[in-house]
Q: 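One structure coming up, written as structure tokens, with questions to follow.
Owing to the predicted nature of the structure, the values given are computational and were not obtained by experimental measurement.
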Amino acid sequence: MSVPVVWTVAGSDSGGGAGIQADLHTFRSLKVHGCSVISTVTAQNSVETTGLFPLAADAIRQQLECLQQDMPPVAIKVGLLSNRQHLQAVANFLKQWPDTLPRPFMVWDPVVVSTQQDQLSELKPEHCAKLLPLVDIITPNLNELSWLSGLSVNDESSMCRAAEQLFHAGLPRILVTGSDFGRADEISDYYLSTNEHIQYIQQKLKTKHSHGTGCTLSSAIAAVLAHDYPLEDAITVANAYVHQGLLQAKGIGRGPGPVAHTHWPQQIKYFPKIETPELPYIYGEFPRLNQNPGLYPVVDSYEWIEKLLKLGIKTLQLRIKDVDDPQLETAIKKSIQLAEQYSAQLFINDYWQLAIKHNAYGVHLGQEDLTEANLNAIQQAGLRLGISTHSYTELLIANAYKPSYIALGHIFPTQTKAMPSKPQGLERLRRYVSLLAPTTIPTVAIGGISLERVATVTATGVNGIAVVSAITAANDVEQAVHQLLTAMDAKVEVGVAHAK
Ligand SMILES: Cc1ncc(COP(=O)(O)OP(=O)(O)O)c(N)n1
Ligand SMILES: Cc1nc(C(=O)O)sc1CCOP(=O)(O)O
Ligand SMILES: [Mg+2]
């Protein structure tokens, strides 16, 4: 597989902790090929900056043009631009991006002042208006946001006002980094666009070795995006990469040492808590499953439920998509009663009120349902809860509710449902399964899983495999169930189950 190319346009930090050096370390750790366009050479150590040597704007232009001829990027991170001419050179280059090349994703970290509080740039906020409409996201800290917007920012509402001002200037999105707004223990990055507000929250760390965090975060966002993750996941993984780097940072030099650069974050303890204003808060956890899901058919009628229970299936889902079906409540009620007789784990998709009313074993909800459904009521009624996820970000949101299982989809292309996200593939499934392992919450893979694919999916360590068409489109259902179970090496006898 080819390695994605990412560029950084930034200053050189002779101390090796920030700027171009931090960006290239990040790119290497996150497995992209990094190209570097140097804007300024700084004489800098961990204590002070003693010299700034901005290159001529023409040197920046030539580096950019030379790279474009041969190594076009998937994403570009822009850091230190020392003056108006630098900014103009980058803006002109982007404006003339040829239609023949895919447009790269642009991340701009507007660096003005160093960690040691040295002024690094002569840029004025009014110069920045030229670049704002050409980038996809900027990643300022609170001081930089204040500087850019000309507004004082000291709480969430002034932060949102400052962001609005930049949106009016043509900026589409912003990630405001490292804000605590007076909280003692937690620190947040806020992602804001005209219609979204996501907060990435971490425990505050005591380390002083945080040199290069802003550069590292923005270059990590560019690197993860280049691997074709959605933006909210690029931010999630970049946030975890920086948190891991802060925890592992060793002091080098007498001042603040550099963030450590290791590898793609793999442990859930490094990942942020994610909140949005719409997501409900609930305390406690949902009941555990009686057994791992194993083969988990998802079907749309009572008749299917009955057939599968008789074949020995122990975890299954009733997913009726016709809201006007006059038999809806009857089908749900009868399915719940029959599954109970077979001691099976039946999940009702979507209709959580009916599931509570008829005392179902569990409910399955999608991410968008989390904001609508009454999770407290489901929990109080003692029902299990399964939650769908399609990304790192959704997985972390689901995990915070301590559900009975977490579904990971869609793994392969599926004909059964129109999906807004891309198929995740086995490599991401493996990453998610191992990320969730310490939580002991069972995982279920779904989407495009056919008999031929079952063995490789099982090998990821996932605890359940949910299928629709592999069963409902089979000519011989009993044989399909038998083959799927055999492929999963499930120790369930087929065709002999009886109600208790
Ligand atoms: C096991 C399992 N995983 C995912 C889904 C999808 O649920 P949802 O996101 O609620 O979408 P719909 O099924 O309602 O279209 C599922 N049903 N089961
Ligand atoms: C209902 C559903 N939910 C998905 C998700 O990823 O959330 S994929 C999916 C369809 C699964 O059907 P099949 O096994 O026929 O591909
Ligand atoms: Mg649903």
Q: What I want to check is whether the side chains of D23 and T26 have a donor and an acceptor closer together than 3.5 Å.
A: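 Side chains of D23 and T26: no pair found under 3.5 Å.
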
Q: List in chain and number order the residues that pass ring-ring contact (aromatic ring centres under 6.0 Å, His included) with H86, two or more places apart in sequence or in another chain; answer none if no residue qualifies.
A: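 None.
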
Q: What pairs with H390 under ring-ring contact (aromatic ring centres under 6.0 Å, His included), at least two apart in sequence or on another chain?
A: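 Expected list: none.
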
Q: Is it the case that R428 places NZ or CZ above or below the six-membered ring of Y229, under 6.0 angstrom from the centre and within 45 degrees of the axis?
A: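 Geometry flag: set, cation within 6.0 Å and 45°.
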
Q: Regarding H364 and S388, is there a side-chain donor-to-acceptor distance under 3.5 Å anywhere?
A: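 Checked: H364/S388 side chains pair up, N/O donor to acceptor below 3.5 Å.
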
Q: Excluding sequence neighbours, so at least two apart, what forms side-chain contact (heavy atoms from CB on, under 4.5 Å) with V433?
A: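 So V433 forms a side-chain contact (heavy atoms from CB on, under 4.5 Å) with L408, L429, T443, T460, V462.
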
Q: With sequence neighbours excluded, what pairs up with F27 under the ring-ring contact (aromatic ring centres under 6.0 Å, His included) test?
A: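 Here no residue qualifies.
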
Q: In chain order, what residues pass the side-chain contact (heavy atoms from CB on, under 4.5 Å) check against P230, with sequence neighbours excluded?
A: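 In terms of side-chain contact (heavy atoms from CB on, under 4.5 Å), with neighbours along the sequence ignored, P230 is linked to E232, D233.
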
Q: The criterion is side-chain contact (heavy atoms from CB on, under 4.5 Å); which residues satisfy it with S188, sequence neighbours excluded?
A: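 By the side-chain contact (heavy atoms from CB on, under 4.5 Å) rule, S188 matches R183, Y190, Q199, I201.
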
Q: Scan the side chains in residues 263-273 for donor-acceptor partners under 3.5 Å anywhere in the protein, sequence neighbours excluded, and list what turns up.
A:
unit_1: W264; atom_1: NE1; unit_2: Y392; atom_2: OH; d: 2.9
unit_1: Y270; atom_1: OH; unit_2: Q248; atom_2: NE2; d: 3.2
unit_1: K273; atom_1: NZ; unit_2: E186; atom_2: OE2; d: 3.2

Q: What I want to check is whether the side chains of D185 and Q203 have a donor and an acceptor closer together than 3.5 Å.
A: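 The answer is no; no qualifying pair exists.
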
Q: Give a yes/no verdict on a cation-pi contact between R453 and F412, requiring under 6.0 Å between NZ or CZ and the six-membered ring centre and an angle within 45° of the axis.
A: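 Yes, R453 lies over the aromatic ring of F412.
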
Q: Side chains of T276 and E278: is there a donor and an acceptor less than 3.5 Å apart?
A: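 Note: T276 and E278 side chains meet the donor-acceptor criterion.
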
Q: For the residue pair T177 and N141, confirm or rule out a side-chain donor-acceptor distance under 3.5 Å.
A: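 No pair is found: no donor N or O on one side chain lies under 3.5 Å from an acceptor on the other.
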
Q: Looking at D350 and R319, is there a salt bridge between them, counting it only when a charged N and a carboxylate O are closer than 4.0 Å?
A: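 Looking at D350 together with R319, the answer is no, because their closest N to O distance does not fall below 4.0 Å.
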
Q: Which pairs count as salt bridge (charged side-chain N to carboxylate O under 4.0 Å, His left out) when at least one residue sits in residues 201-221, sequence neighbours excluded?
A: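 Listed by first then second residue: D180-K204.
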
Q: Compute whether any side-chain donor of one residue and acceptor of the other, for T194 and R173, lie under 3.5 angstrom apart.
A: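 Judged by distance alone, the side chains do not pair up.
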
Q: Under a 3.5 Å cutoff, is there a donor and acceptor pairing between the side chains of N92 and Q88?
A: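 On atom types as modelled, these side chains qualify, holding a pair under 3.5 Å.
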
Q: Is I137 close to Y191 at the side-chain level, that is, under 4.5 Å between some pair of heavy atoms?
A: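 When only atoms from C-beta onward are counted, I137 and Y191 do touch, with a gap below 4.5 Å.
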
Q: Going by side-chain hydrogen bond (donor to acceptor under 3.5 Å, both in side chains), name the residues that satisfy it together with T236, two or more places apart in sequence or in a different chain.
A: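 For T236 the side-chain hydrogen bond (donor to acceptor under 3.5 Å, both in side chains) partners, ignoring immediate neighbours, are T393.
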
Q: Return the set of residues passing side-chain contact (heavy atoms from CB on, under 4.5 Å) with V74 (not counting sequence neighbours), or none when no residue passes.
A: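 Partners of V74 under the side-chain contact (heavy atoms from CB on, under 4.5 Å) test: P4, A226.
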
Q: Just list the side-chain donor-acceptor pairs under 3.5 Å for residues 32-41, sequence neighbours left out, or say none.
A:
unit_1: S39; atom_1: OG; unit_2: A10; atom_2: O; d: 3.3
unit_1: S39; atom_1: OG; unit_2: L80; atom_2: O; d: 2.7
unit_1: T40; atom_1: OG1; unit_2: S82; atom_2: OG; d: 2.6

Q: Please determine, by modelled atom types, if S219 and K77 share a side-chain donor-acceptor pair under 3.5 angstrom.
A: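 No, because no side-chain N or O of S219 sits under 3.5 Å from a partner of the opposite role on K77.
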
Q: Does the side chain of S193 come under 3.5 Å of the side chain of N195 through a donor N or O and an acceptor N or O?
A: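 There is such a pair (donor and acceptor under 3.5 Å, judged by atom type) between the side chains of S193 and N195.
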
Q: Holding to side-chain hydrogen bond (donor to acceptor under 3.5 Å, both in side chains), I want the full list of residues that pass it with E427, two or more places apart in sequence or in another chain.
A: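 Listed in chain order: R430.
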
